[in-house]
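As structure tokens, the structure follows; a few thoughts come after it.
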Protein chains: 2
Amino acid sequence: MNNSIEIKCQKQGVRLTDQRKLIAKVMSESEDHPDVDELHKRVNKLDSKISIATVYRTVKLFEEAGILSKHDFKGTKARYEQATHEHHDHLIDINTGEIIEFVNEDIEKLQKKVSEKLGYKLVDHRLELYGSKIKK
Amino acid sequence: MNNSIEIKCQKQGVRLTDQRKLIAKVMSESEDHPDVDELHKRVNKLDSKISIATVYRTVKLFEEAGILSKHDFKGTKARYEQATHEHHDHLIDINTGEIIEFVNEDIEKLQKKVSEKLGYKLVDHRLELYGSKIKK
DNA sequence: ATAATTGCAAATGCTTTGCTTGTGA
DNA sequence: TCACAAGCAAAGCATTTGCAATTAT
């Protein structure tokens, strides 16, 4: 769990620079889904010279290497999370912006079924629920 | 079906300018999901003086009035469609970009169920399937 | 050694906006 | 009439890129 990102980089022949190591570290330790700006801020606390351009480049590189996942939720900037966990979808709290991950096998199966019925092989999907907390 | 957009505008007190009428007309007659640039091109064939700024403003206005729906599919610009039909989701052909609409009540129900289980009232959702055509 | 990576600033692509002129109800 | 809308060009925002300097292997 800890800094598996560095290990993945080595496996994929991704050159490990100081900047990439820091970005990997910060993302490994992040429990949330930071956007590039936020990630840049966190990384800057460890090394104030890292440029936002490098963060953009690295995040893209990591995404292409299957190390990070990018999400474009409605009305927000692109957010990133570690791609280690098993597949899941997201519920976004429309009031706080909080993001909750969930898995639902029934929905997954139905998506596949719908695709096939339409004559398609399901390659990817995006499912986002937007909701507001029910007060008790 | 024909130009219901104009009627909706009147009902909502949206002032009907020539430009808006044309944009309404073009969207009414569109079977696909054009982006702003494409819409601007189509509208320009009818009136070459309409600016892209007006198209952007109108499309936003219509969206807020519930007349058009905006979609930000992965890797593309924002696309619009008439919001008249009943709710539906989309399957995007990853090879051709073609967009197929579908409805699946079971998935809808499960989404609601998932939200509630997490303590949320489902307000909105986004479901997109990305697939490639199965050749026979 | 040397091909890849960084930082910077400039460029990009889509979208919005300020301002002046034009116009629908 | 007159508040609202259009056209234009400039600004905004997130992201990408060219280039010279730096660095990992």
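Naming: A, B, ... by sequence-line order, numbering from 1 per chain. Heavy atoms only: backbone and side chains are in, while hydrogens, waters and symmetry mates are out.
- The separation between B/Glu64 atom CD and D/dA5 atom P is 12 Å, rounded to whole Å.
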Using distance only, find each side-chain donor-acceptor pair of residues 59-78 of chain A under 3.5 Å and give its atom names and separation, not counting sequence neighbours.
{"residue": "A/His71", "atom": "NE2", "partner": "A/Glu81", "partner atom": "OE2", "Å": "2.6"}
{"residue": "A/Lys74", "atom": "NZ", "partner": "B/Asp124", "partner atom": "OD2", "Å": "2.7"}
{"residue": "A/Thr76", "atom": "OG1", "partner": "A/Phe73", "partner atom": "O", "Å": "3.1"}

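- Judged as a side chain to side chain donor-acceptor pair (under 3.5 Å), and not counting sequence neighbours, the contacts of B/Thr54 are B/Ser51.
- Judged purely by atom type and a 3.5 angstrom limit, B/His88 uses its side chain to pair as donor or acceptor with the backbone of B/Glu86.
- Looking at residues 50-58 of chain B, you'll see B/Ala53, B/Tyr56, B/Arg57 sit with a heavy atom under 4.0 Å from some atom of DNA chain C.
- In this view, B/Asp18 satisfies the side chain to side chain donor-acceptor pair (under 3.5 Å) rule with no residue, not counting sequence neighbours.
- Spacing between atom CZ of B/Phe62 and atom P of D/dA5 amounts to 11 Å, rounded to whole angstrom units.
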Show each protein N/O and nucleotides 10-13 of chain D N/O combination with a separation under 3.5 Å, one pair to a line.
none

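- In this structure a side-chain-to-backbone donor-acceptor pair under 3.5 Å is present from B/His40 to B/Ile50.
- Look at CG on B/Asn44: it is 14 Å from C1' on D/dC8, rounded to the nearest Å.
- Residues in residues 104-118 of chain B take part in no salt bridge (Lys or Arg N to Asp or Glu O under 4.0 Å) pair, two or more places apart or across chains.
- In terms of phosphate contacts, B/Arg20 brings a side-chain nitrogen or oxygen within less than 4.0 Å of OP1 or OP2 of D/dA5.
- In this structure, the side chain of B/Arg20 engages the main chain of B/Arg15 through a donor-acceptor pair within 3.5 Å.
- When each of B/Val14 and B/Asp72 is assigned the nucleotide of DNA chain C with its nearest heavy atom, B/Asp72 is the one assigned upstream, toward the 5' end.
- Rounded to an integer number of Å, the gap from CZ of B/Arg15 to C1' of D/dC4 is 4 Å.
- Going from atom OH of A/Tyr56 over to atom CG of A/Leu39 covers 10.5 Å, rounded to the nearest 0.5 Å.
- When the side chain to side chain donor-acceptor pair (under 3.5 Å) test is applied to A/Tyr130, the partners found at least two apart in sequence or on another chain are A/Glu128.
- Rotation axes derived from the C1' atoms of the five outermost pairs at either end of the helix from C/dA1-D/dT25 to C/dA25-D/dT1 lie 40° apart, to the nearest 10°.
- With sequence neighbours excluded, the residues forming a side chain to side chain donor-acceptor pair (under 3.5 Å) with A/Lys49 are A/Asp47, listed by chain and number.
- Residue A/Leu127 belongs to a hydrophobic cluster whose other members are A/Leu91, A/Ile100, A/Phe102, A/Ile107, A/Leu110, A/Val114, A/Leu118, A/Tyr120, A/Leu122, A/Leu129, B/Leu91, B/Ile100, B/Phe102, B/Ile107, B/Leu110, B/Val114, B/Leu118, B/Tyr120, B/Leu122, B/Leu127, B/Leu129, with links defined by side-chain heavy atoms closer than 4.5 Å.
- Looking at heavy-atom distances under 4.0 Å, B/Asp18 makes contact with sugar-phosphate atoms alone, never a base.
- Under the salt bridge (Lys or Arg N to Asp or Glu O under 4.0 Å) criterion, the residue pairs touching residues 91-103 of chain A are A/Glu98-A/Lys133, with sequence neighbours excluded.
- Mapping heavy-atom proximity under 4.0 Å, the span of DNA chain C touched by chain B runs 5' to 3' from C/dC14 to C/dA25.
- Atom-to-atom, CG of A/Asp47 to P of D/dT23 comes out at 12 Å; the value is rounded to the nearest Å.
- A distance-only check finds no donor-acceptor pair linking the side chain of A/Arg79 to the backbone of A/Pro34 [under 3.5 Å].
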